[in-house]
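Take a look at the structure set out below.
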Protein chains: 2
Amino acid sequence: MNEHTIINPLLTDGSLFLSNISVDNVIFGYHDKSLKVLLLHPTAIKKWALPGGYIYKDETIENAAIRVAKDRTGLDNLYFKQCKFYSDPNRTKDEEFNTQKLEDMTGYKLGKDHWIFNQHISSCFYTLTDYSKVTPQGDYYASECLWFSINDLPPLMFDHKKMIKDALDILRIHLYHFPVGYELLPEKFTIPEIHSLYETLLNKSLDVRNFTKKLLKVGIVDKLDERKNIGAHRAPFLYKFNKDVYQDALENGMALFI
Amino acid sequence: MNEHTIINPLLTDGSLFLSNISVDNVIFGYHDKSLKVLLLHPTAIKKWALPGGYIYKDETIENAAIRVAKDRTGLDNLYFKQCKFYSDPNRTKDEEFNTQKLEDMTGYKLGKDHWIFNQHISSCFYTLTDYSKVTPQGDYYASECLWFSINDLPPLMFDHKKMIKDALDILRIHLYHFPVGYELLPEKFTIPEIHSLYETLLNKSLDVRNFTKKLLKVGIVDKLDERKNIGAHRAPFLYKFNKDVYQDALENGMALFI
DNA sequence: CAAATAGTGTCTCTTAGACAATATCGT
DNA sequence: ACGATATTGTCTAAGAGACACTATTTG
């Protein structure tokens, strides 16, 4: 992967980047039974936005998505999935996105023809993180960067609300076909932990007995001989992912009917 | 959808199109137990290529894919699915793709800096057609346009071989989740017909009794009170797709474990 | 009646899904 | 002993998957 120092695209002529294409990233944050999304707030604009960026000419689109997520979260090696792309020619027409506001906000003289106002297809990815490990970082034009509950989103720019909805739908379908959890759970985790994770992501309750049976049958987790001390209660067993099965399921899919 | 007259991109300065992005289309053709892919052969280049094109600034990427397929096949209203995109910065480096060859082939003076040699991310779609209904049409730089068996592909340009493989993998996964056949079967079809279709697409044999049971249980097909006269053999019953169930399954997915 | 194709039923075994009592831990 | 959480087994119903004989049709 190429390393790029963080620069402010607004101050470039755009020639470093591929034209007409951008990346947006639905960064989901899970922790302790709660699911959030990371959003940016460009000062002086009333709406929030997904973390996004442009694609350097020497990187792949996937790497651009990884870079964007890393810049906002500091985290590497996240779980990434390509969702869809959004190509409506009018998708970035938004009353909150214009030269005046951007100039007021940044203090730069941009002009009406700045390349940032060109038509951009967006390719959307989602990412899963443990939000307790993340200190959200604002970017070159958004000072605020905060986690929002997916049930309580602020007004969003462009088609970003649809992107979040689509990403969540796709994530939920993926849960039945791809393993999730490597980045969200400690190396050794308990059944209640992974059970809560799936319940939260799917937003529905899952019978813990059947859930456990299926995880073990698919072979995606192995039970360890250790327990976790959780204080005043019965100590739950620890489990870990079976690396081979997990990797195969990541690459080739699996059928986990939970 | 916007209508665009067919023009030769090579003769434009590229300003009609989005930069750095293109569409490639894996057009599968099914007929009578055989599965093929439509490929183009640019004269003077030793390799074959997927039908592809560029995206007009006033259309969506999906419409561009539809347009490309229509230009090659003459067909409308096909089954389309977005697969993946391909963004390796070196993906279009190919010894067969250079100014000299293109100039020799077309007779135009293009120059080394023609925009067609710019970096292009490709978004790949697949399409399903009944190849017996198609008269393949060459395009502005490829006179030959032919169906190839997916088991016997010629040398392909760029990353097109990978695209075909990926599209086929994705199609096969989709078969379990989305209904297929509306564009490939007559309005009224028989069980042997749809059974052969699925066997061919999946390249494996399916027990016809279990297959029929599942189609009926999911409700995707309705049995009619008519039979099809096939000459010297027992006349098979006709079926048709249940429009409501089919549409819902297209939009929301289904679980067809065949 | 032969050749070719269509059509259909049953059995077994596995799994999904519903369901609740017991074990453990710390205080 | 209690409060809180973890752990585990059984039953039933449905479905997957294996399997082969009978029915039509025409020449």
Side-chain angles (χ1 to χ4, degrees), chain A residues 32-33 172-173 175-177 181 185-186 188-200 202-240 245 249 253-258, chain B residues 32-33 172-173 175-177 181 185-186 188-200 202-240 245 249 253-258:
Chain A
D32 194 21
K33 306 189 187 183
R172 286 177 176 161
I173 290 175
L175 281 184
Y176 298 96
H177 299 287
L185 295 169
K188 298 175 181 178
F189 52 87
T190 67
I191 290 293
E193 285 169 342
I194 192 172
H195 180 239
S196 296
L197 169 64
Y198 274 81
E199 283 197 335
T200 304
L202 287 170
N203 192 32
K204 72 177 185 186
S205 62
L206 301 167
D207 184 282
V208 69
R209 289 163 289 193
N210 296 335
F211 178 77
T212 309
K213 271 188 290 186
K214 278 169 221 172
L215 283 186
L216 288 168
K217 187 168 68 67
V218 172
I220 198 84
V221 300
D222 292 326
K223 186 173 182 175
L224 303 178
D225 228 6
E226 308 168 56
R227 290 162 181 268
K228 177 176 183 176
N229 190 323
I230 55 164
H233 308 294
R234 177 173 180 175
F237 280 99
L238 287 164
Y239 290 74
K240 66 178 186 185
V245 175
M254 61 176 184
L256 182 66
F257 298 118
I258 50 177
Chain B
D32 194 22
K33 307 190 185 182
R172 286 175 176 164
I173 290 174
L175 282 184
Y176 297 97
H177 299 285
L185 295 170
K188 299 175 181 180
F189 52 86
T190 67
I191 290 293
E193 285 169 343
I194 191 171
H195 179 239
S196 295
L197 170 64
Y198 275 81
E199 284 197 335
T200 305
L202 288 169
N203 192 30
K204 71 178 184 187
S205 63
L206 301 167
D207 184 283
V208 70
R209 289 162 290 193
N210 297 333
F211 178 77
T212 310
K213 271 188 289 186
K214 277 170 221 172
L215 282 187
L216 288 169
K217 187 167 68 68
V218 171
I220 198 84
V221 299
D222 293 325
K223 186 173 182 175
L224 302 177
D225 229 8
E226 308 168 57
R227 291 163 182 267
K228 177 176 182 177
N229 189 324
I230 55 164
H233 308 295
R234 178 172 178 175
F237 280 100
L238 286 165
Y239 290 74
K240 67 178 183 183
V245 175
M254 61 176 185
L256 181 68
F257 297 118
I258 50 178

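A note on names: the letters A, B, ... follow the listed sequences, proteins ahead of strands, and every chain is numbered from 1.
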* Asked: Phosphate oxygens OP1/OP2 of D:dA6: is one of them under 4.0 Å from a side-chain N or O of A:K223?
  -> no
* Asked: Quick one: on DNA chain C, does B:P236 or A:R227 contact a more 5' nucleotide (nearest heavy atom)?
  -> B:P236
* To do: Could you state the atom-to-atom distance from CZ of B:F189 to P of C:dA6 in whole Å?
  => 15 Å
* Which of these nucleotides, D:dT26, D:dT5, D:dA23, is closest to any side-chain atom of B:R234? -> D:dA23
* Asked: Within the pair A:K228 and D:dT5, is there a side-chain N or O less than 4.0 Å away from OP1 or OP2?
  -> no
* **Protein-nucleotide distance (A:K214, atom NZ; C:dA18, atom C1'), rounded to Å** => 11 Å
* Pick the nucleotide of DNA chain D nearest each of A:K213 and A:H233; which residue has the one closer to the 5' end? -> A:H233
* Nearest-0.5 Å distance, NZ of residue A:K240 to CG of residue A:L185 -> 14.5 Å
* **Residue of the set A:D222, A:V221, A:I220 for which side-chain contact (heavy atoms from CB on, under 4.5 Å) holds with A:V245** => A:I220
* Please give, in whole Å, the distance from D:dT7 P to A:L215 CG? -> 13 Å
* Figure out the CD/C1' separation between B:E226 and C:dG7, and round it to whole Å. => 18 Å
* State whether A:N229 places a side-chain N or O below 4.0 Å from either non-bridging phosphate oxygen (OP1 or OP2) of C:dG26. => yes
* Asked: Less than 4.5 Å apart, any side-chain heavy atom of A:L215 and any of A:H195?
  -> no
* Would you say the side chain of A:L256 lies within less than 4.5 Å of the side chain of A:Y198, judging by non-hydrogen atoms? -> yes
* Send over the distance from A:R209 CZ to D:dT5 C1', rounded to a whole Å. => 15 Å
* List the atom of A:A255, the atom of A:V218, and the distance in Å for their closest heavy-atom pair. => O-CG2, 4.0 Å
* **Length of the NZ-P vector between B:K217 and C:dA16, whole Å** => 13 Å
* B:N210 CG to C:dT10 P, straight-line distance once rounded to whole Å -> 14 Å
* Can you tell me how far P of C:dA6 sits from CG of B:D207, to the nearest Å? -> 15 Å
